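Values in this document were obtained by computation on a predicted structure and should not be read as measured data. Remember, it's 1-based here, ligands and their atoms both numbered in the order they're listed.
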Amino acid sequence: MRGVMEHIQKRILFSREEIDGRVRELAHEISRDYRDKDVILVCVLKGAFIFLADLARYLTIPHTVDFVRLASYGAGTESSGVITITKGLDHPVEGMHVIIVEDILDTGTTAAYLVELLQKMNPRSVKLCCLIDKKARRKMHCEPAYTGFVVGDGFLVGYGLDFNEQFRCLPDIYVIEERMP
Ligand code: PRP
């Protein structure tokens with residue numbers, strides 16, 4: 001694994017400063033929109049864990065956090081559309097304003113599934129906040145209320161995003177340009 005990773009060529013797409021600035025703006029918007037409301041941030045593991053940590057710390061409103069993990073099975077890098085929950089919520093969201101925190105919105109399969117699932121739990125509202133939106137690849141209807149960056153195609157790593165579980169903790173976001181040695 002180490003040998004393969006060393007040969008991956010990647011270039012910075014969003015610097016840590018750009019990301020930080022955008023996350024602060026999103027936190028500002030959310031803090032304004034949800035003043036005096038009971039908010040729970042639902043982080044979709046694993047990719048969103050760093051985004052969640054930064055976003056939550058920039059919010060100026062009281063809120064709680066919870067975590068879910070979903071798996072979609074199928075060949076290749078794209079969602080198969082068949083999703084299972086491998087870690088559910090720890091706390092009920094009934095009567096709460098839910099904000100789903102995602103790192104990437106791609107086909108929209110994962111987020112659309114989660115929105116529908118959470119809506120059945122009688123929350124006051126369910127909205128989606130994603131750091132990166134690959135809008136052109138959308139297959140399921142899914143419109144985020146808060147979006148960090150809209151990007152085209154390309155495999156991204158860093159700031160929570162992985163390639164074979166590597167690179168999640170890089171502080172900047174990179175696009176992989178070359179995977180072969
Ligand atoms: C990524 C991302 C979203 C999903 C988006 O998760 O975090 O949850 O894919 O794809 P979709 O819009 O096509 O459903 P991934 O399966 O890579 O897991 P990870 O977050 O643990 O890296």
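A salt bridge between Arg16 and Asp20 is absent, with no side-chain N of the basic residue lying under 4.0 Å from a carboxylate O of the acidic one. Ion pairing between Lys10 and Glu177 fails under the 4.0 Å rule for side-chain N and carboxylate O. For Glu143 and Lys135, the salt-bridge test passes: some basic side-chain N is under 4.0 Å from an acidic carboxylate O.
Looking at Arg168 against ligand 1, only its side chain comes within 4.0 Å, counting heavy atoms. Residue Arg137 does not touch ligand 1, judged by heavy-atom distances below 4.0 Å.
Residue contacts with ligand 1: Arg138 is excluded, as none of its non-hydrogen atoms falls under 4.0 Å. In this structure, Met140 has no heavy atom closer than 4.0 Å to ligand 1.
When Leu161, Ile104, Asp162 are checked for heavy-atom proximity to atom 5 (C) of ligand 1, Ile104 turns out nearest.
Shown in contact with Asp103 at under 4.0 Å from a heavy atom are these atoms of ligand 1, numbered in order with element: 2 (C), 7 (O). When each atom of ligand 1 is checked for a heavy atom of Gly108 under 4.0 Å away, the hits are 11 (P), 12 (O), 13 (O). Taking every heavy atom of Thr107 and a limit of under 4.0 angstrom, the matching atoms of ligand 1 come to 11 (P), 12 (O), 13 (O), 14 (O). Under a 4.0 Å criterion applied to the non-hydrogen atoms of Arg69, ligand 1 contributes the atoms 21 (O). Atoms of ligand 1 lying under 4.0 Å from any heavy atom of Gly47, numbered from 1 in the order shown and given with element: 19 (P), 20 (O), 21 (O). Close contacts between ligand 1 and Glu102 involve ligand atoms 2 (C), 3 (C), 7 (O), 8 (O) [criterion: under 4.0 Å to a heavy atom]. Each of the atoms 19 (P), 20 (O), 21 (O) of ligand 1 lies under 4.0 Å from some heavy atom of Lys46.
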Decide side-chain contact (heavy atoms from CB on, under 4.5 Å) for Ser72 and Thr109; before the verdict, give the C-alpha distance in whole Å, the side-chain angles of both, and the deciding distance to 0.1 Å. CA-CA 9 Å; Ser72 75; Thr109 309; 6.0 Å; no
List the steps and the verdict of side chain to side chain donor-acceptor pair (under 3.5 Å) for Tyr159 and Asp54. CA-CA 10 Å; Tyr159 199 72; Asp54 284 346; 2.6 Å; yes
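Checked by atom type and distance alone, the side chain of Arg22 pairs as donor or acceptor with a backbone atom of Gly148 at under 3.5 Å.
Counting all heavy atoms, side chain and backbone alike, Asp106 lies closest to Arg138 at O-NH1, 3.2 Å.
Aromatic pair Phe149/Phe14: centroids less than 6.0 angstrom apart.
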